[in-house]
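Below: the structure, in structure tokens.
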Amino acid sequence: MKVLITGSNGLLGQKLVALLSKNRISFTAASLGENRNPECPEEHYVSMDITNSRAVDETLTRHEFTHILHTAAMTHVDACEMNPEECYAINHWATKNLFDRAVKNNLHFTFLSTDFVFDGEQGNYSEGDVPNPLSVYGKSKWLAEQELLNASYTNWAIARTIIVYGEGYKINKSNIISWLMEELPKGNPVSLLTDHYRAPTWAEDLAEGCFQIINRNKTGIFHLSGPETLSIYEIGLRVANFLNVDKELIHPILSTTLNQKAPRPSKTGFNLQKAKSTLGFIPHSIEATLNSLNRG
Ligand SMILES: NC(=O)c1ccc[n+]([C@@H]2O[C@H](COP(=O)([O-])OP(=O)(O)OC[C@H]3O[C@@H](n4cnc5c(N)ncnc54)[C@H](OP(=O)(O)O)[C@@H]3O)[C@@H](O)[C@H]2O)c1
């Protein structure tokens with residue numbers, strides 16, 4: 001087995017590098033910028049813009065990969081809304097290009113997607129539920145998913161996930177739980193939504209789910225998230241309770257009071273039955289993971 005990991009500087013990418021190293025699986029890690037992951041040896045790293053098909057071809061011809069774990073993406077939801085062309089180029093077209101190369105070389109292809117392919121009317125989504133994305137980010141991921149779903153080639157998997165949290169080296173983007181772990185111990189008040197529900201996903205659990213997909217050569221759609229769907233406000237209360245800080249620091253607010261550029265689904269969360277039975281996916285509770293995070 002030899003794996004190409006795209007987005008290796010990202011939070012999930014870093015966890016995948018660690019997991020494949022631990023399991024002594026050969027890999028090449030690729031991201032846009034310089035290698036920012038000290039756990040990724042330079043000889044295993046390539047700086048590659050996934051929108052540059054020549055650079056992608058070069059990497060694929062230099063190594064005999066068996067699997068691609070495609071995590072690279074434009075992940076800032078509001079930035080995607082404001083720059084739709086860039087978002088579609090990275091999330092849709094570059095994914096199609098990578099998938100086409102996987103088909104040509106007969107590689108197993110895993111694509112990381114999102115709960116934002118759903119409109120949030122129903123919640124507790126199963127793999128067979130019909131997407132209806134609200135935002136440019138969600139649409140870009142759904143368009144990429146359809147390239148796989150509509151192909152005659154079936155050696156692929158789609159791993160959808162929900163707000164991913166954890167610690168990484170020089171990560172571009174914060175996440176709600178790491179942010180709460182920073183702010184609450186300092187006594188800083190936070191305002192959190194009572195009308196948006198999510199199942200926060202520990203990055204280590206997500207990496208393990210992705211690893212099981214490739215290790216077991218599974219195909220099809222998989223929903224990989226944390227075990228509990230909570231409002232963002234409830235997530236804050238759970239972190240405050242763990243830290244034993246004053247819960248009055250957490251102010252309940254409604255999404256209508258925020259001026260976010262991109263519309264977001266109100267209620268997501270996943271039915272994890274398929275991931276449990278097919279991959280042995282048993283994600284940790286929020287409390288079980290908080291000791292692994294830095295405190296402010
Ligand atoms: N984080 C979440 O809450 C969440 C929720 C649902 C789904 N997902 C999906 O899960 C996957 C992993 O998320 P994450 O949080 O680990 O992402 P992340 O931390 O934002 O990292 C994304 C990575 O993509 C790379 N990248 C961006 N544009 C690129 C390009 N043109 N060419 C090559 N690489 C490029 C970046 O590389 P550089 O750092 O080198 O610039 C970065 O390392 C993504 O596909 C995301 O859509 C994430």
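Note that the structure is a prediction, hence the values are computed from the model and not measured. Numbers here are sequence positions counted from 1.
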* When you look at Val164 and Asn175, which way does the side-chain contact (heavy atoms from CB on, under 4.5 Å) test go after all the steps? -> CA-CA 7 Å; Val164 183; Asn175 58 74; over 6 Å; no
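- Within the structure, ring-ring contact (aromatic ring centres under 6.0 Å, His included) contacts touching residues 21-42 (residues at least two apart or in different chains) are Phe27-His44.
- Residues Cys87 and Glu81 form no side-chain contact, since every pair of their non-hydrogen atoms from C-beta on lies 4.5 Å or further apart.
- No side-chain heavy atom of Trp142 sits less than 4.5 Å from a side-chain heavy atom of Asn132.
- Among residue pairs with one or both ends in residues 97-107, those qualifying as side chain to side chain donor-acceptor pair (under 3.5 Å) are Asp57-Arg101, Lys96-Asp100, Asn97-Arg101, Asn106-Tyr153; sequence neighbours excluded.
- Under the salt bridge (Lys or Arg N to Asp or Glu O under 4.0 Å) criterion, Asp49 pairs with no residue at all, not counting sequence neighbours.
- In this structure, Tyr45 shares a hydrophobic cluster with no other residue, the cluster being traced through Ile, Leu, Val, Met, Phe, Trp and Tyr side chains under 4.5 angstrom apart.
- Considering only residues two or more places apart in sequence or on other chains, Lys276 meets the side chain to side chain donor-acceptor pair (under 3.5 Å) condition with none of them.
- A 4.5 Å side-chain heavy-atom check between Ser8 and Leu16 finds every atom pair outside the cut-off.
- Leu230 and Ile235 make their closest contact through CB-CG1, 3.8 Å (heavy atoms, listed as atom of the first residue, atom of the second, distance).
- The list of salt bridge (Lys or Arg N to Asp or Glu O under 4.0 Å) pairs with a residue in residues 4-33, not counting sequence neighbours, reads Lys15-Glu204.
- Taken to the nearest 0.5 Å, the CD1 atom of Ile213 stands 10.5 Å off from the NE2 atom of His67.
- Residues Asn172 and Thr75 form no side-chain contact, since every pair of their non-hydrogen atoms from C-beta on lies 4.5 Å or further apart.
- Thr194 pairs by the side-chain contact (heavy atoms from CB on, under 4.5 Å) definition with Tyr233, Pro252, Leu254, not counting sequence neighbours.
- Taking 4.5 Å as the limit, some side-chain heavy atom of Tyr165 sits within range of a side-chain heavy atom of Thr289.
- For Phe270, the ring pair (Phe, Tyr, Trp, His ring centres under 6.0 Å) test picks out His223, with sequence neighbours left out.
- Val77 belongs to a hydrophobic cluster with Phe116, Tyr137, counting contacts under 4.5 Å between side-chain heavy atoms of Ile, Leu, Val, Met, Phe, Trp and Tyr, direct or through other members.
- Thr110 is not listed as a side-chain neighbour of Phe211, based on a closest heavy-atom distance of 4.5 Å or more.
- Between Arg238 and Phe242, every side-chain heavy-atom pair lies at or beyond the 4.5 Å cut-off.
- Relative orientation of the Phe111 and Phe109 rings is parallel, given thresholds of 30° and 60° on the angle between their planes.
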Contacts table for residues 179-193: side-chain donor-acceptor under 3.5 angstrom, sequence neighbours left out:
residue, atom, partner, partner atom, Å
Glu183, OE1, Asn188, ND2, 2.7

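- Applying the 6.0 Å contact sphere to CD of Glu64 captures no more than 12 heavy atoms from other residues, nucleotides or ligands.
- Among residues two or more places apart in sequence or in another chain, the ring pair (Phe, Tyr, Trp, His ring centres under 6.0 Å) test is passed with His196 by none.
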query = Please walk me through it: do Glu208 and Phe281 pass side-chain contact (heavy atoms from CB on, under 4.5 Å)?
reply = CA-CA 8 Å; Glu208 179 64 31; Phe281 181 69; 5.7 Å; no
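- Counting only residues at least two apart or in different chains, salt bridge (Lys or Arg N to Asp or Glu O under 4.0 Å) contacts with residues 133-149 comprise Glu145-Arg160.
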